[in-house]
Amino acid sequence: MPRWVDVCQWVEIEEGRAIAVEVDGLAIAVYRHDDKPYALTDRCPHAGGSMAGGWVEENEAICPLHRWRFRLVSGRCTSGGASLHRFKCEVGEEGMVRIQV
């Protein structure tokens, strides 16, 4: 059954960037874009790079290794490759970012 897990403070994430978190062995990149939270799998399917090391452009997460692009709202790859899993994500009480796993 899905559950919500607190992963970090909202203020820890810089606008247009992400931080890496781990929940139940899952590596997840948590993004802040247009003052909204997004959460995607942290490993790019192309070469395994950490998505959290990348940035956001035009509503897409950019992998820092080879610039593969993934839509924040869906995880869909717009570079012609496999998509990333998107997790439900929200900012809860006291500014905690929560992810549904």
Side-chain angles (χ1 to χ4, degrees):
M1 176 174 289
R3 64 188 170 88
W4 288 94
V5 178
D6 291 342
V7 294
C8 65
Q9 286 286 330
W10 182 234
V11 296
E12 294 178 54
I13 309 170
E14 183 182 334
E15 175 63 31
R17 302 300 296 222
I19 64 168
V21 300
E22 186 174 318
V23 178
D24 297 337
L26 297 170
I28 302 170
V30 182
Y31 292 87
R32 181 177 189 148
H33 177 61
D34 287 341
D35 212 32
K36 295 178 194 159
Y38 299 91
L40 302 172
T41 304
D42 188 38
R43 295 288 170 230
C44 179
H46 174 239
S50 172
M51 293 299 298
W55 60 93
V56 176
E57 286 180 5
E58 300 172 357
N59 300 313
E60 295 181 330
I62 311 300
C63 177
L65 292 182
H66 300 103
R67 309 255 191 295
W68 275 33
R69 302 173 72 96
F70 302 86
R71 292 192 181 168
L72 288 171
V73 297
S74 66
R76 182 176 167 270
C77 182
T78 60
S79 302
S83 296
L84 298 174
H85 180 78
R86 185 190 68 76
F87 298 85
K88 289 184 181 179
C89 185
E90 66 183 22
V91 179
E93 293 180 24
E94 299 180 15
M96 286 297 296
V97 177
R98 302 169 4 132
I99 297 174
Q100 189 177 51
V101 292

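These numbers were taken from a predicted model, which means no experiment stands behind them.
Residues F70 and G75 come closest through the heavy atom pair CD2-O, 3.6 Å. In terms of heavy-atom proximity, A52 sits nearest to A20 at CB-N, 3.5 Å. Nearest heavy-atom pair across A61 and L40 is CB-CD1, 4.0 Å.
Taken from CH2 in W55 to CD in E14, the straight-line distance is 13.5 Å, to the nearest 0.5 Å. Taking OG1 of T78 as the start and CD1 of I62 as the end, the distance is 7.0 Å to the nearest 0.5 Å. The OG atom of S83 lies 9.5 Å from the CZ atom of R71; values are rounded to the nearest 0.5 Å. Atom SG of C77 is separated from atom NE2 of H46 by 9.5 Å, given to the nearest 0.5 angstrom. How far CZ of R69 is from CZ of R76: 12.5 Å, rounded to the nearest 0.5 Å.
For the pair V30 and W10, the minimum side-chain heavy-atom distance is 4.5 Å or more. Side-chain contact between P45 and L84 is present, with at least one heavy-atom pair separated by less than 4.5 Å. Using a 4.5 Å heavy-atom cutoff, the side chains of F87 and L26 are in contact. Within the 4.5 Å cutoff, the side chain of N59 has no heavy atoms near those of the V73 side chain. Using a 4.5 Å heavy-atom cutoff, the side chains of C8 and I19 are in contact. Taking the side chain as every heavy atom from C-beta outward, I99 and V21 approach each other to under 4.5 Å.
Checked by atom type and distance alone, the side chain of T41 never pairs as donor or acceptor with a backbone atom of I28 at under 3.5 Å. Counting only distance, with no hydrogens or angles, the side chain of D42 and the backbone of S50 share no donor-acceptor pair below 3.5 Å.
The local environment of CD in E94 is sparse, with at most 12 non-hydrogen atoms from other residues, nucleotides or ligands closer than 6.0 Å. Around the CD atom of Q9, the shell of radius 6.0 Å holds more than 12 heavy atoms that belong to other residues, nucleotides or ligands.
Every residue two or more places apart in sequence or in another chain was checked for a side chain to side chain donor-acceptor pair (under 3.5 Å) with R43, and none qualifies. Taking the salt bridge (Lys or Arg N to Asp or Glu O under 4.0 Å) definition, one finds that E90 meets it with R98, sequence neighbours left out. Listed by chain and number, the residues in a salt bridge (Lys or Arg N to Asp or Glu O under 4.0 Å) with E12 amount to none (sequence neighbours excluded). Residues satisfying the side-chain contact (heavy atoms from CB on, under 4.5 Å) criterion with K88, sequence neighbours excluded, are W4, R86, Q100. Among residues two or more places apart in sequence or in another chain, the side-chain contact (heavy atoms from CB on, under 4.5 Å) test is passed with V56 by Y31, H33, L72.
V5 and V91 fall within a single hydrophobic cluster, where Ile, Leu, Val, Met, Phe, Trp and Tyr are joined by side-chain heavy atoms under 4.5 Å apart, directly or via other members. Clustering ILVMFWY residues whenever any of their side-chain heavy atoms sit less than 4.5 angstrom apart, transitively, puts V101 in the very cluster that holds V97.
Each salt bridge (charged side-chain N to carboxylate O under 4.0 Å, His left out) pair with one or both residues in residues 17-29, not counting sequence neighbours, appears once here: R3-D24.
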